[in-house]
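As the structure lists them, so they are numbered: ligands from 1, and atoms in each ligand from 1. Please read all numbers here as calculations on a predicted model, not as lab measurements.
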Amino acid sequence: MVEDKGNVIVLFKLLRHMHNDWPEYLKLFRKELGIKEMSLSQELLEKQPKATDFEESMAAIYKIQVVYDLDASNMTRGILNGKSYNVKNWGADECLIMGLLNQLMKHYDLSEQWFRLALIYFRGHPRPKELDIKLFKLSNILELLVEANKGLGHYSKARQYANELLSLQPNHNYINNQLLKLNDLDKKPPKSTKSNEKMYQLQKAICTKEYPKISLEEKFKLSKKINLRHYPNFLTKNETEALKMVSRPQLNRDENLSWNCSCKIAELKGSEHEIVNIINKKIRDISGVGKNVNEVIEVINYGISGNYNPDDREMSKRDHKANVLIFLNNVKQGGETVFPSLNIKLKPRMGTMLLWLNSEKRVWHHQCPLIVGNMWMATKRLY
Ligand SMILES: *[C@@H]1O[C@H](CO)[C@@H](O)[C@H](O)[C@H]1NC(C)=O
Ligand SMILES: *[C@@H]1O[C@H](CO)[C@@H](O)[C@H](O)[C@H]1NC(C)=O
Ligand SMILES: *[C@@H]1O[C@H](CO)[C@@H](O)[C@H](O)[C@H]1NC(C)=O
Ligand SMILES: *[C@@H]1O[C@H](CO)[C@@H](O)[C@H](O)[C@H]1NC(C)=O
C-alpha cells in the first residue's frame, strides 16, 4: 500500500486528539506538516499511546460516519449532520488519512469516497507541488483509488485510475500487474463479491429513526403508562461538578463488552463520598424507592462516538425495580437518550433526572453515539 508506513503511523497518533473535541481535531490536522507537527508527534511518541487508542480513534470516526450517514465531503468542511462548526477545511492530507483508516478496515465504500475527495483537493490545490513534499504524491492517491475500486468490484473504474497513474509513471510495476488482473476481472467478474458486513446497524436503527416531535411535557404524559418520570433541575451545577470531580480518579474503560457501552465508568459509594450520600438522599426523598439499600451511583463518561446500545432482545429480564439516570452536562451534538419501547428520544440536559420503573419487563434505554464533545451522566439501580 503506502510505502511510508512509519509516517502514517505518526499521523495515526495524532488521532488521539480527536477525543478532546471534534473541532479541535479538525484544527489539529490543519497544522502544517513541519517543525510544529514533528515536535507534536515527538511529544505524543513519548507519551507512548497504546495501540488501542488508535484503533479506538479510527473506530470512532468510522462509527459516527456510519451511524449518522455523515457525508465525507461535508465532514471536510466541518459540517457534521447538518451542524456547521467553524473550522478550517480538511484538505488532501486529511482525506487521505481518513481513506486509509477505512481501507485498512476494508471498508472500501467509505475509503473510495475519501480518496476521491483527496484527489479533488489535490487537484484544487493552488500549488500541488507542495503536497508532493508531504506524505503523499498524486501517484499514491491514484494507487489507493485503484485498490478501493477493486475492493468494491468497480473494475473498470479501477482501470481508469490505473491508466491515469501509468500515464504519469509508465514503469510502475505494481500497477502494470494490477492492470492485467483488472482486465481479467473486468471480463470475468467473480460471481459473489462478498460485501463487508455492515456494522453498527442497531445504533443506526435506533439513533437515526424519526421520533414524534412533541414537547417534553407531552412526551411524559404519554409515558405515564410505563411510569417514566422526569425531574428537571434535580441537581445543581455545583452538584454535577462535584460528582464528576470525585469520579475522575476512578473512571475505567468498560471492559465488559457484553454491555455494549463504549464509555468509562466509575462506581461510587455513598460511604466513600459525601456528594454521593447527598444525591442518594435526594433520590430517596423524591422517589420513595430504594430504602438506602443500594449506596452505589455509577458515573459514566462518553467521549466522541461513545454510546450504549444494548441488544434489548437478548437481555429483557427484569432484575431490579427502577432505574435512575441523571444528566451531568449539556451536550453539543449526538448522545441522545432513547427509550425504543416508548418511542421517546431525549436530549441530555444538565441536572435533569429520569426515573423509570421496570414493571413486567425491564425498560431499556440507549445512548446514541456522541458526535461532538464529552458527555457525563450518573445512573443508579433501585432494588
Ligand atoms: C451537506 O450539508 C449541507 C448543509 O447542512 C446539507 O444541506 C447537505 O444535504 C449535506 N450533503 C449531504 C450529501 O449530506
Ligand atoms: C458553587 O461552587 C462555587 C465554587 O466551588 C462556590 O463558590 C459557590 O458558592 C457554590 N454555589 C452554591 C449555590 O453552592
Ligand atoms: C459482564 O456482563 C455480563 C452480562 O451482563 C455479566 O453477567 C458479567 O457479570 C459481567 N462481567 C464483569 C466482569 O463485569
Ligand atoms: C451488542 O451489540 C451487538 C451488535 O449490535 C449485538 O449483536 C449484541 O447482541 C449486543 N450485546 C448485548 C449484550 O447487548
Check your understanding: Does a sphere of radius 6.0 Å around NZ in Lys237 hold more than 12 heavy atoms from other residues, nucleotides or ligands, not counting ones at 6.0 Å or beyond?
Key -> no
Could you give the N/O to N/O pairs under 3.5 Å linking ligand 1 and the protein, each with its distance?
residue	atom	partner	partner atom	Å
ligand 1	2 (O)	Asn74	OD1	3.3
ligand 1	2 (O)	Asn74	ND2	2.2
ligand 1	11 (N)	Asn74	ND2	3.0

Revision key, fill the gap. Value for CE (Met245) from CG (Asn238), rounded to nearest 0.5 Å, stands at 10.5 Å
Point to revise | Carboxylate-amine/guanidinium contact Lys282 Glu239, below 4.0 Å | key: yes
Review point. Does Ser271 have any side-chain contact (heavy atoms from CB on, under 4.5 Å) partners at least two apart in sequence or in another chain, and if so, which?
Key: Lys269, Glu295
Check your understanding: Mind checking whether His154 and Tyr108 have ring centres under 6.0 Å apart?
Key -> no
Point to revise | side-chain hydrogen bond (donor to acceptor under 3.5 Å, both in side chains) partner of Asp186, the single match among Lys181, Arg159, Lys157 | key: Arg159
